[in-house]
Amino acid sequence: MKQRITESFARAKSEGRGAFVAYLTVGFPTMEKSEQAIDDVIASGADIVELGVPFSDPFADGGVIRSAAYEALKQGTTLDGVLELTKRLRARHPETGFVLFSYYNLIFSKGLETFAKAAADAGVDAVLAVDLPLEEREELLSVLRSYGIGYIPLIAPNTPIERVRESEKGLDNSFLYVITVKGTTGARTELPADLASRLESIRAVSHLPVAAGFGISTKAQGEEVSRHADGYIVGSALVKLVADGKKPCLA
């Protein structure tokens, strides 16, 4: 498979900027409108899109994304439906990196082999399973690798550097998703004072690009973070724009 995630970060670097990773909840407010929103965010400059699979217990997410997930589930959005949408998106956006952002329960319930084959057929580049700890991920990773699909590890604010090293081992066509703040997702007016040094420390030990997420809501914040990282991730702010009937474009 193409190394779209690696290529997206390399392209952004060559242009002197951080890669813009956008998160949107698939199926919110409807499947049709979420598909349009994804097209819009790519048109606005997103290099990589995290396709949020709605889940009934999204414990890592704040109010905006939680509400969007519940509404998407009410609309009947399923993992299979998300993969069908991904296939349509891939046909229109052959160079965009697509990350399936999910909870492991949904993936495991489908069956790892069945899931990986369907994800590869749909054009998924990588998977992020929020609730899958480092020590238990190899079963999923081995199946994903056989289908040429990457895996995105989450790095918490209190993750020791040695664990960062372990988290990135054996991964390619991927990036480290560094969580900027403690707590759930959601826009913040300010980011932690020690974030810059934290990001620099992680970059120093990783062969993968580093992207920071949670709390970033404006392009200015993203550009500031990108002085110390390879990219930035925006989710809640974009989902809120969709909820307000607006295009998901950063101010």
S.K.: Can you tell me which residue pairs pass the salt bridge (charged side-chain N to carboxylate O under 4.0 Å, His left out) test with a partner in residues 96-109, sequence neighbours excluded?
M.R.: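 Residue pairs with at least one partner in residues 96-109: there are none.
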S.K.: What is the distance from atom CD1 of I149 to atom CG of L141, rounded to the nearest 0.5 Å?
M.R.: 11.0 Å
S.K.: D125 side chain to I5 main-chain N or O, any donor-acceptor pair under 3.5 Å?
M.R.: no
S.K.: Give me each pair satisfying salt bridge (charged side-chain N to carboxylate O under 4.0 Å, His left out) with a member in residues 6-22, each pair once, sequence neighbours excluded.
M.R.: E15-R17, R17-D47
S.K.: Please report the interatomic distance CD(E113) to CG(L144), rounded to the nearest 0.5 Å.
M.R.: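 So the gap between those two atoms works out to 10.0 Å.
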S.K.: Start with the C-alpha distance between E139 and E136, add both sets of side-chain angles, then the distance that settles side-chain contact (heavy atoms from CB on, under 4.5 Å), and finish with yes or no.
M.R.: CA-CA 7 Å; E139 184 179 30; E136 298 175 22; over 6 Å; no
S.K.: Begin with the C-alpha distance, continue with both residues' side-chain angles, and end with the deciding distance and a verdict on side-chain contact (heavy atoms from CB on, under 4.5 Å) for M31 and L85.
M.R.: CA-CA 8 Å; M31 184 63 80; L85 174 139; 3.4 Å; yes
S.K.: Side chains of V53 and V26: closer than 4.5 Å at any heavy-atom pair?
M.R.: no
S.K.: Report yes if the side chains of E71 and Q75 come closer than 4.5 Å at any heavy-atom pair, otherwise no.
M.R.: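 Yes - at least one pair of side-chain heavy atoms lies under 4.5 Å apart.
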S.K.: For the backbone of F214 and the side chain of T180, can you confirm whether one donor and one acceptor N or O come within less than 3.5 Å of each other?
M.R.: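 It does hold such a pair.
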S.K.: Identify, with sequence neighbours excluded, every residue that meets side-chain hydrogen bond (donor to acceptor under 3.5 Å, both in side chains) alongside E168.
M.R.: S206, H207
S.K.: Nearest 0.5 Å, please: how far is CZ in R203 from CG in D230?
M.R.: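 If I round to the nearest 0.5 Å, the distance is 4.0 Å.
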S.K.: Evaluate the side-chain proximity of L171 to P153: yes if any heavy-atom separation is below 4.5 Å, no if none is.
M.R.: yes
S.K.: Just one of I65, T77, L79 clears the side chain to side chain contact (heavy atoms under 4.5 Å, CB included) bar with P54, so which one?
M.R.: T77
S.K.: Would you indicate whether the side-chain heavy atoms of F20 and I48 approach each other to under 4.5 Å?
M.R.: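 Not in contact.
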S.K.: L51 versus V124: any side-chain heavy-atom pair under 4.5 Å?
M.R.: no
S.K.: Return yes if some donor-acceptor pair links the side-chain N/O of S109 with the main-chain N/O of L106 below 3.5 Å, else return no.
M.R.: no
